[in-house]
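Just so you know, residue 1 is the first one in the sequence shown, and it goes up from there.
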Amino acid sequence: QVQLVESGGRLVQAGGSLRLSCSSSGRSFIRYAISWFRQAPGKERTFIAAIDASGESTYYPDSMKGRFTDSRDSAKNKVFLQIANLRPEDATIYYCSADPQFPVKSEYLGGNNWGQGTQVTVSL
């Protein structure tokens with residue numbers, strides 16, 4: 001088990017950029033691949049990106065390639081999701097999930113460990 005905390009969500013103007021963080025105080029964090037998802041209330045969860053435990057490999061479903069960048073700072077026990085050129089449709093809650101296995105398929109639904117989410121709002 002690993003406890004995750006997302007942060008960084010805020011109101012951003014369309015066209016701007018934002019960096020979300022996923023952090024953990026637990027030492028086991030460094031052994032997990034971390035994935036990012038977003039989900040609006042009542043809607044399906046969308047897989048955005050994943051980064052392996054070493055931080056050397058990333059995976060993005062084809063539909064998410066281009067504006068999202070996943071990175072990792074193992075010294076700080078943090079994983080980041082950089083979102084560029086924000087659009088109104090990016091406004092929702094973003095979650096990170098931990099998994100011992102590094103996911104490399106677009107159908108991935110997440111691991112057993114989740115954070116509480118961070119809200120991103122986009123203004124026109």
*Asks:* Can any side-chain N or O of Ser35 pair as donor or acceptor with the backbone N or O of Ala50 at less than 3.5 Å?
*Replies:* no
*Asks:* Would you kindly confirm whether Phe37 and Val120 end up in one hydrophobic cluster when ILVMFWY residues are joined by side chain heavy atoms under 4.5 Å apart?
*Replies:* no
*Asks:* Among all residues two or more places apart in sequence or in another chain, which pass the salt bridge (charged side-chain N to carboxylate O under 4.0 Å, His left out) test with Lys65?
*Replies:* Asp62
*Asks:* Within this structure, what is the CG-OG distance for the pair Asn85 and Ser17, rounded to the nearest 0.5 Å?
*Replies:* 9.5 Å
*Asks:* Below 6.0 angstrom between ring centroids: does that apply to Phe47 and Trp36?
*Replies:* no
*Asks:* For the CD atom of Glu44 and the CG atom of Leu109, what is their distance to the nearest 0.5 Å?
*Replies:* 9.5 Å
*Asks:* Would a distance-only check, ignoring hydrogens and angles, find a side-chain to backbone donor-acceptor pair under 3.5 Å from Thr121 to Leu11?
*Replies:* no
*Asks:* Please find the pair of heavy atoms, one from Ser74 and one from Ala53, that lie closest to each other, and give the distance.
*Replies:* OG-O, 4.2 Å
*Asks:* What are the two closest heavy atoms between Ala33 and Gln101, and how far apart are they?
*Replies:* CB-O, 3.6 Å
*Asks:* Determine whether Asn113 and Tyr32 make a side-chain contact, defined as any pair of heavy atoms from C-beta on separated by less than 4.5 Å.
*Replies:* yes
*Asks:* Are any non-hydrogen side-chain atoms of Met64 and Thr46 less than 4.5 angstrom apart?
*Replies:* yes
*Asks:* So do Val5 and Gln3 actually touch side chain to side chain, heavy atoms under 4.5 Å?
*Replies:* no
*Asks:* Rounded at 0.5 Å granularity, tell me how far CD in Glu56 sits from CD1 in Ile51.
*Replies:* 9.5 Å
*Asks:* Is the backbone of Ser106 close enough, under 3.5 Å, to the side chain of Tyr59 for a donor and an acceptor to pair up by distance?
*Replies:* yes
*Asks:* Got Leu81 and Thr69 here, is their nearest side-chain heavy-atom distance under 4.5 Å?
*Replies:* no
*Asks:* Counting distance only, does the side-chain N/O of Tyr60 pair as donor-acceptor with the main-chain N or O of Asp70 below 3.5 Å?
*Replies:* yes
*Asks:* Got a second to check how far Ser24's OG is from Lys76's NZ, nearest 0.5 Å?
*Replies:* 16.0 Å
*Asks:* If you group Ile, Leu, Val, Met, Phe, Trp and Tyr by side-chain heavy-atom gaps below 4.5 Å, do Ile48 and Val122 land in one group?
*Replies:* yes
*Asks:* Is the closest side-chain heavy-atom distance between Glu6 and Tyr94 below 4.5 Å?
*Replies:* no
*Asks:* So how far is it from Gln1 CD to Asn112 CG, rounded to the nearest 0.5 Å?
*Replies:* 7.0 Å
*Asks:* Test of understanding: clusters of I, L, V, M, F, W, Y form through side-chain heavy atoms closer than 4.5 Å, transitively. Do Val2 and Val79 belong to the same one?
*Replies:* yes
*Asks:* So which atom in Ile93 and which in Gln119 form the shortest heavy-atom distance, rounded to 0.1 Å?
*Replies:* CG1-OE1, 3.3 Å
*Asks:* So do Phe29 and Ile34 actually touch side chain to side chain, heavy atoms under 4.5 Å?
*Replies:* yes
*Asks:* Within a strict 4.5 Å, meaning less than it, do heavy atoms of the Asp90 and Phe68 side chains meet?
*Replies:* yes
*Asks:* Let me confirm one number: the NZ-OG distance from Lys78 to Ser23, rounded to the nearest 0.5 Å.
*Replies:* 4.0 Å
*Asks:* Quick one, Leu124 and Pro88 - any side-chain contact, counting heavy atoms below 4.5 Å?
*Replies:* yes
*Asks:* Salt bridge or not between Arg72 and Asp52? Use side-chain N to carboxylate O under 4.0 Å.
*Replies:* no
*Asks:* I'd like to know if the side chain of Arg45 and the backbone of Arg38 have a donor-acceptor N/O pair within less than 3.5 Å.
*Replies:* no
*Asks:* Please say yes or no: joined through hydrophobic side-chain contacts below 4.5 Å, possibly via intermediate residues, are Tyr95 and Tyr108 part of one cluster?
*Replies:* yes
*Asks:* Shortest non-hydrogen contact from Lys43 to Gln39?
*Replies:* O-NE2, 2.9 Å
